[in-house]
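Below is one structure, written out as C-alpha cells; comments come after it.
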Amino acid sequence: EVQLVESGGGLVQAGGSLRLSCAASGFTFDDYAIGWFRQAPGEEREGVSCINCADNSTYYADSVKGRFTISSDNAKNTVYLQMNSLKPEDTAVYYCAADFAPTIKTLGPLLVLYEYWGQGTQVTVSS
C-alpha cells in the first residue's frame, strides 16, 4: 500500500522558514517522482516543486524559485521542502504526491495528475 505522510507545517512569521517532510512507503522510491503541491482556501491546487520529475531532476514553480528547495534522502524514502523567505501568500495546505517518474516526465512536472497523495499539512504565514 502506497503511503505518503507529510509533516513540518505550522505557523511562521513572514520572512521565516519551515521544512516540510514527506515520508513515502509502498513503492520503489527511486522510480517515482515526488511533487509538492499546495491549496489555499478558495483556490485551486497548484504545483510548487518536484523531484525526479524532469530531465534536470528538480522543478520549481516561478512563485517559489530562489526561496524553496526540494531534496530527498533516498535511504529514508523521504523528500523535503525547505521553505525560506516565506510570504503570507504561501499560506496553504501543502500536499506531497507521487507517481511513476516516466509518467510524470511525459505529462509534465507540476500538473495535478499524480496518482498518490498525502493528507496534507497546514502552513500559515502571518504578516
Side-chain angles (χ1 to χ4, degrees):
E1 179 188 5
V2 173
Q3 283 194 321
L4 300 168
V5 181
E6 302 98 332
S7 61
L11 173 64
V12 65
Q13 288 188 331
S17 298
L18 283 174
R19 189 178 79 156
L20 305 183
S21 300
C22 173
S25 62
F27 58 89
T28 303
F29 191 73
D30 291 351
D31 292 341
Y32 274 64
I34 306 291
W36 282 101
F37 295 78
R38 65 187 182 186
Q39 188 166 18
E43 302 289 333
E44 293 187 352
R45 192 169 296 188
E46 64 174 359
V48 174
S49 181
C50 58
I51 192 165
N52 199 23
C53 58
D55 289 341
N56 290 330
S57 183
T58 60
Y59 193 89
Y60 296 92
D62 288 343
S63 58
V64 305
K65 278 181 184 176
R67 300 188 299 122
F68 291 10
T69 302
I70 192 168
S71 62
S72 66
D73 184 336
N74 288 17
K76 296 182 178 180
N77 284 6
T78 299
V79 171
Y80 303 98
L81 185 69
Q82 178 66 43
M83 306 187 296
N84 298 330
S85 302
L86 283 162
K87 305 175 182 180
E89 52 262 44
D90 294 318
T91 295
V93 177
Y94 283 70
Y95 300 89
C96 69
D99 205 335
F100 192 48
T103 300
I104 296 303
K105 291 178 181 179
T106 299
L107 293 177
L110 288 180
L111 297 179
V112 188
L113 297 174
Y114 285 58
E115 182 171 3
Y116 303 105
W117 293 81
Q119 83 288 349
T121 186
Q122 177 70 46
V123 171
T124 303
V125 184
S126 62
S127 56

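This one's a predicted model, so the numbers in the text were calculated from it and none came from an experiment.
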Cut-off 3.5 Å, no hydrogens considered: what does the side-chain donor-acceptor table look like for residues 57-66, sequence neighbours left out?
{"residue": "Tyr60", "atom": "OH", "partner": "Ile70", "partner atom": "N", "Å": "2.9"}
{"residue": "Asp62", "atom": "OD1", "partner": "Lys65", "partner atom": "NZ", "Å": "3.2"}

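The side-chain hydrogen bond (donor to acceptor under 3.5 Å, both in side chains) check on Asn74 picks up Asp30, Ser72, with sequence neighbours excluded. Shown here are the salt bridge (Lys or Arg N to Asp or Glu O under 4.0 Å) partners of Glu115, two or more places apart in sequence or in another chain: there are none. For Glu89, the side-chain hydrogen bond (donor to acceptor under 3.5 Å, both in side chains) criterion is met by no residue, not counting sequence neighbours. Among residues two or more places apart in sequence or in another chain, the side-chain hydrogen bond (donor to acceptor under 3.5 Å, both in side chains) test is passed with Asn84 by Ser17, Gln82. Applying the salt bridge (Lys or Arg N to Asp or Glu O under 4.0 Å) rule to Arg45 yields no partners; only residues at least two apart in sequence or on another chain are considered. Legend: residues meeting ring pair (Phe, Tyr, Trp, His ring centres under 6.0 Å) with Phe37, ordered by chain and number and at least two apart, are Tyr114, Trp117. Taking the side-chain contact (heavy atoms from CB on, under 4.5 Å) definition, one finds that Ser71 meets it with Tyr80, sequence neighbours left out. Scored by the side-chain contact (heavy atoms from CB on, under 4.5 Å) test, Asn77 finds Phe29 as partners (sequence neighbours excluded). Looking at residues two or more places apart in sequence or on another chain, you find no side-chain hydrogen bond (donor to acceptor under 3.5 Å, both in side chains) involving Gln3. Legend: residues meeting side-chain contact (heavy atoms from CB on, under 4.5 Å) with Pro88, ordered by chain and number and at least two apart, are Ala14, Val125, Ser127.
Between Gln39 and Glu44 there is no side-chain heavy-atom pair separated by less than 4.5 Å.
Here CG of Leu86 is found 6.5 Å from CZ of Arg67. Values are rounded to the nearest 0.5 Å. Rounding to the nearest 0.5 Å places OG of Ser25 at 7.5 Å from CG of Leu4.
Among pairs with a residue in residues 98-113, none fulfils side chain to side chain donor-acceptor pair (under 3.5 Å), at least two apart in sequence or across chains.
In this structure a side-chain-to-backbone donor-acceptor pair under 3.5 Å is present from Thr121 to Gly9.
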